[in-house]
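Everything below concerns the one structure shown next.
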Protein chains: 2
Amino acid sequence: MLKSEAVISGHPKASTKQAIERAALSLFAERGYPAVSMREIAERVGIRQGGIYNHFGSKQALLVHLMEGHMRALLVALDASVPKGGDPRQRLAQFVRFHVLYHLTQPDDVFIAYMELRSLEPDGLTRLKELRRAYEERLRRILEAGQRLGVFAITDVPVQAMGLIAMLTGVTTWYHDGGRLTREEVADIYAEMVMRSLDVEETEKS
Amino acid sequence: MLKSEAVISGHPKASTKQAIERAALSLFAERGYPAVSMREIAERVGIRQGGIYNHFGSKQALLVHLMEGHMRALLVALDASVPKGGDPRQRLAQFVRFHVLYHLTQPDDVFIAYMELRSLEPDGLTRLKELRRAYEERLRRILEAGQRLGVFAITDVPVQAMGLIAMLTGVTTWYHDGGRLTREEVADIYAEMVMRSLDVEETEKS
DNA sequence: TGCGCTAATGAATGATCGTTCATGCACTGG
DNA sequence: CCAGTGCATGAACGATCATTCATTAGCGCA
């Protein structure tokens, strides 16, 4: 009966699992993993508490599933948006625009992946840290390439990379749709800030 | 008896309240407010759960006390380190160094004040948001002053301010004492990054 | 048509949560 | 030396937590 309703109301088949993911994602992002109960998630989906365990083994497994899924999707999207080779300046600008736009498009996923590391048990923590490191590594590679070619003025690549990522990710803490600026405008401003902070002096001659 | 021990072991008088504050601060920062129980806090202090209520009316009151105390101390320390007037470039460099060093010195306070806003009930939330706004306003004033004088290249002051604060605050997510760099070195690197990102072209002539 | 599987139920489990409170100890001021 | 007070105790409160499970309903496939 419920299933019939679900089918009629729109989502075709395995919609319950996706509905649980969406509900949990939104609730975890809003109030934090420990503050959200399985009952709340079930209530938002429209099922009873026990039903979640037909799709996820535990609350922790649900969290790991969300975080890992997001990080893998993020890496795939990044590699699709930013080519492996080419002009480091261009690649950096693309990285910045990609990062800002992706984070403004999927703020909940991003927020969870960066904030709920402390809620992970050892196994999931290890896997997530590796995915995070891989993402940061993409940026470090670009910075190093630019440094080697002499087109970036960088004192310390690892510090600069962490500083840039923190700055870009922080956009999610203040941006709201419908405000003074569009997402594209914000991405452009950030790209401009980053490029200016790295450009070597224009008086270079060599 | 217990009090005698406490006196002998070091802390003079009202040490229990401070011990509760320290324990709660550390635990909230490590695992988040909802994930920490009053029993755990009491255990770390060395008292029973009920004892906390002799010093704080509720868990929520304890959180508000910690967050508000930190933000007020932060504002006082900022105003002591960065003069109200003078060269905007110098004031910005001082702001950056102050922010980074303060955040590296008191990472737990900082982390809680920025992350546990969502754990606050309406009353405390209003007060904390105002304190946060006041701190950000200090930076915006510096950026505006530099923009007026033509010594800063800024596309959008509010966006730039939020971007800078996010970048600087993010230092707490990766820095660990005893690593490759000292706190002072990190502060210098960040100051250099920020100043470079704002400096107008050196070819300026007017 | 009927079999089998997937998934939802709803009650029950034991644990843990924040908070209250009557009790009593230890110290301080008179 | 005694009264008063500040503070820790530890048991108890009702509520809520994640999780389990026997049961059942409904669907696709034969």
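What you see below is based on every heavy atom in this structure, not just the backbone, and it leaves out hydrogens, waters and symmetry mates. Labels below follow one simple rule: chain letters A, B, ... track the order of the sequence lines, proteins then strands, and each chain is numbered from 1.
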Handout entry: Whole angstrom value for the distance that separates C1' of C:dA8 from CD1 of A:I20
Key = 10 Å
Problem - Heavy-atom side-chain proximity of A:D87 to A:L149 below 4.5 angstrom - result: no
Exercise for the section: Measure from CD on B:Q60 to P on C:dC17 and round the result to the nearest Å. Expected result: 18 Å
Practice task
Evaluate the side-chain proximity of B:K59 to B:L63: yes if any heavy-atom separation is below 4.5 Å, no if none is.
Solution key: no
Exercise for the section: Please determine if A:E43 and A:R39 form a salt bridge, counting it only when a charged side-chain N lies under 4.0 Å from a carboxylate O. Expected result: no
Problem - Smallest separation among heavy atoms of A:G32 and A:E116, with atom names - result: CA-OE2, 3.2 Å
Exercise for the section: Could you tell me whether the side chain of A:L198 reaches within less than 4.5 Å of the side chain of B:M193, counting heavy atoms only? Expected result: no
Handout entry: Closest to side chain of B:R48, choosing from D:dA18, C:dT9, D:dG10
Key = D:dG10
Practice task
When you get a sec, tell me which of C:dT19, C:dT9, D:dA8 is the closest nucleotide to the side chain of B:S58?
Solution key: C:dT19
Exercise for the section: Would you please classify the geometry between the A:H99 ring and the A:H103 ring as parallel, tilted or perpendicular, with 30° and 60° separating the classes? Expected result: parallel
Practice task
Starting at atom NZ of B:K17, determine the distance to atom P of D:dG6, rounded to an integer number of angstrom.
Solution key: 14 Å
Handout entry: Separation of atom CD1 in A:I41 from atom C1' in C:dA8, rounded to whole Å
Key = 17 Å
Practice task
Calculate the interatomic distance between A:L62 atom CG and D:dT19 atom C1'; express it in whole Å.
Solution key: 14 Å
Practice task
Grab the CD1-P distance between A:I47 and D:dG26 for me, whole Å please.
Solution key: 17 Å
Exercise for the section: Flag this pair as yes if the NZ/CZ of B:R132 is under 6.0 angstrom from the six-membered ring centre of B:Y114 and inside a 45 degree cone about the axis; otherwise no. Expected result: yes
Practice task
Grab the OH-P distance between B:Y53 and C:dC17 for me, whole Å please.
Solution key: 11 Å
Practice task
Examine C:dT6: is either OP1 or OP2 under 4.0 Å from a nitrogen or oxygen in the side chain of A:H55? Give yes or no.
Solution key: no
Handout entry: B:N54 CG to C:dT19 P, straight-line distance once rounded to whole Å
Key = 14 Å
Polar atoms only, N or O, under 3.5 Å: list the protein pairs with nucleotides 15-17 of chain D and their distances.
residue	atom	partner	partner atom	Å
D:dC17	OP1	A:S37	OG	3.4

Fill in the blank from the handout: Of D:dT19, C:dT19, D:dA8, the nucleotide closest to the side chain of B:Q49 is C:dT19
